[in-house]
Amino acid sequence: MPPKRLLPQRVNRAPKRKDILSAEEKQLAIRNALRYFPKEWHSELASEFAEELRAYGRIYMFRFKPSYAIHARPIEEYPAQSKQAAALMLMIQNNLDPSVAQHPEELITYGGNGAVFQNWIQYVLTLQYLALMTDEQTLHLYSGHPMGLFPSSKNAPRVVVTNGMMIPNYSKPDDWEKFNALGVTQYGQMTAGSFMYIGPQGIVHGTTITILNAFRKILKPQETVGGKIFLTAGLGGMSGAQPKAGNICGCITVCAEVNPKAAEKRHEQGWVDVILYNIPELIVRVKTAQKNKEVVSIAFIGNVIEVWECFDRENIHVHLGSDQTSLHIPWTGGYYPMGFSFDDATKMLQENPKNFKKEVQKSLRRHAAVIQKHTDKGTYFFDYGNAFLLEASRAGAEIMAENKIDFKYPSYVQDILGPMCFDYGFGPFRWVCASGDTADLDHTDAIALSVMEALSKTAPPEIQLQLQDNITWIKNAKTNKMVVGSKARILYADAEGRMKIAEAFNRAIAKNKIGPVVLGRDHHDVSGTDSPYRETSNIYDGSKFTADMAIHNVIGDSFRGATWVSIHNGGGVGWGEVMNGGFGMLLDGSPEASKRLKSMLFYDVNNGVARRSWARNKEAIFAIKREMKRTPNLKVTLPNLVDDNLLKNLF
Ligand SMILES: NC(=O)c1ccc[n+]([C@@H]2O[C@H](COP(=O)([O-])OP(=O)(O)OC[C@H]3O[C@@H](n4cnc5c(N)ncnc54)[C@H](O)[C@@H]3O)[C@@H](O)[C@H]2O)c1
């Protein structure tokens, strides 16, 4: 047994989790934890784990964290029988690298609760299994717990991951608290629990695409982004990408953040240009930026409602408005109420959570009311997938459309990413150079650029803009200096683009021009995720509350050649609110890899395009018809459209 560890001091630690278990359930949690260890260790570990449960609300088994540094190493350095297993070890270590992960001690990669494993013994055991496994075995991971290596075949995934799969009636936020504390489930977020998180680059690219297209929606043909204002909130893990993306798009970004530490950190890291602490200074700075059409991002320390209200009073026109506070967890500190300092609100949260909830709801009503004042004056407001509209409606804010079913404002997927990207199959494809070599990343960037440029020569007008945006992105990708941890790149591409880029990588690997490459994608994509207020919010046939697409995707990918597949409950919008899945695939230059990439990437995108087309989304109907022309083997059921007049007098 390794000796007890002293926990490092200067590490960002996860917050204490809810003390939700009864005394009897706490005994069960200890019994569950001890089943990993020989009996003779139990008495020492039982009291240690009980102490962890008391102090942190969870049992992390800190003693079992290995003493070696955890980070992605070149793939050849992993002690593995299977190269595919080595790729998994690399990606797991990358997701727990302290320079990548949010709370590395508690095995949390991002999003406050996005776990790779529940505890350190699961990490140790999983790596042992991966070191031993052959290409004819599959490791099954149940919410971080390695159930074991099962005989399979070369064509099967090496690892199958599920996170937070619950019987639907047990999927309320407190169910997560309880069953996670018992050690039987975990919150995998999106890419954390599938080992596919690559640091902030992913969110910067997605946010850039969103802001760019939002401006395109509102600007007149001759207008440019210069001098236009984008007002939003949050400078945390993901939301911190907003100012950087705003700068890439060329606008003035004003981003409010209640927590001075979060804002100062982003400022020090160069993610936001200017930091201001009071409203009069903000007004002067914004007016100057407008006059000079500056490209600048400004952090304001304070509640975002203050900024919306002051811009209303001062008649400062906000062109684009959004919000990225953590409203997927509104009652536990994700959203701070107006009228309290950050410290006072934090104190209230700890001492009087009921009151905190009341104040949050009051603020949400006020927040929605002032946004309405701006939208009446022409602001384009969109929900950026943080459950703002959902929680504002639950708080009783005037946020519903006249039909009382939809919200007044669109989600970014309804208006922007859905029709402009996902319905055509464009989504956040990504890859990691498993050699760890920057030269390989440069080489793959050049390959991707030449594939995208070739595609744009013959692509139909409907997808020219998407191709051009991504050509610009990949040209500048290196200068944006977004790489942390593994040598990774993200790029929005459709099925054809993803397959052609991957095939070109595989050829370059076969010719020894680059080392092996791991392919993957964000779960926030065309097909992998069913999320009625986010990824599938632009599905209008009633099926947005179903999760068949995500389940078909993970099953379909698994027998078409994925190296690993994963499916999660939870993710960015909250436990019980979404099903999201992803995959990883190792390219090693072999003919088998070439076969696998074509088969799997084709399905991984077109599954969702077919479903979006069946939901009558016209862009998806266009895309799937085009795909059927190209691929005679593909036969998709197409919807027949009904004349509205026929339905009017039926009921
Ligand atoms: N659309 C997408 O692609 C996408 C991607 C990632 C995250 N998200 C969602 O965005 C949200 C934010 O994610 P994150 O990782 O940045 O979370 P985070 O908790 O790290 O950051 C949110 C920040 O908002 C600040 N904040 C809270 N209330 C505020 C208020 N009233 N005024 C000003 N600032 C306030 C907090 O202090 C915090 O720093 C989450 O709900 C997440 O699910 C969406």
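Below, all heavy atoms of this structure are taken into account, side chains as well, without hydrogens, waters or symmetry copies. Along the sequence shown, residues are numbered consecutively beginning with 1. Whatever order the structure lists ligands and atoms in, that order sets their numbers, starting from 1. Note that the structure is a prediction, hence the values are computed from the model and not measured.
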Do the ring centers of Tyr412 and Phe382 come within less than 6.0 Å of each other? no
Donor on one side chain, acceptor on other, Gln186 and Asn163, under 3.5 Å: yes
Could you give the N/O to N/O pairs under 3.5 Å linking ligand 1 and the protein, each with its distance?
unit_1   : atom_1 : unit_2 : atom_2 : d
ligand 1 : 1 (N)  : Tyr384 : O      : 2.9
ligand 1 : 1 (N)  : Tyr412 : OH     : 3.1
ligand 1 : 8 (N)  : Gln324 : NE2    : 3.3
ligand 1 : 10 (O) : Gln324 : NE2    : 3.3
ligand 1 : 15 (O) : Met238 : N      : 3.0
ligand 1 : 16 (O) : Gly237 : N      : 3.4
ligand 1 : 16 (O) : Met238 : N      : 2.9
ligand 1 : 16 (O) : Ser239 : N      : 2.6
ligand 1 : 16 (O) : Ser239 : OG     : 2.6
ligand 1 : 17 (O) : Ser326 : OG     : 2.8
ligand 1 : 19 (O) : Ser326 : OG     : 2.8
ligand 1 : 20 (O) : Gly237 : N      : 2.8
ligand 1 : 21 (O) : Ser239 : OG     : 3.4
ligand 1 : 28 (N) : Tyr336 : N      : 2.9
ligand 1 : 31 (N) : Asn303 : OD1    : 3.3
ligand 1 : 31 (N) : Asn303 : ND2    : 3.4
ligand 1 : 31 (N) : Tyr336 : O      : 3.0
ligand 1 : 32 (N) : Val304 : N      : 3.1
ligand 1 : 34 (N) : Val258 : N      : 3.3
ligand 1 : 37 (O) : Glu257 : OE2    : 2.5
ligand 1 : 39 (O) : Glu257 : OE1    : 2.7
ligand 1 : 39 (O) : Glu257 : OE2    : 3.1
ligand 1 : 41 (O) : His328 : ND1    : 2.7
ligand 1 : 43 (O) : Gly572 : O      : 2.5

Are Phe422 and His524 an aromatic pair, judged by ring center distance below 6.0 Å? yes
Can you list the residues that meet the ring pair (Phe, Tyr, Trp, His ring centres under 6.0 Å) rule with His317, with sequence neighbours excluded? His319
Does a side-chain N-to-carboxylate-O contact under 4.0 Å join Lys362 and Glu359? yes
OH (Tyr170) with more than 12 external heavy atoms under 6.0 Å: no
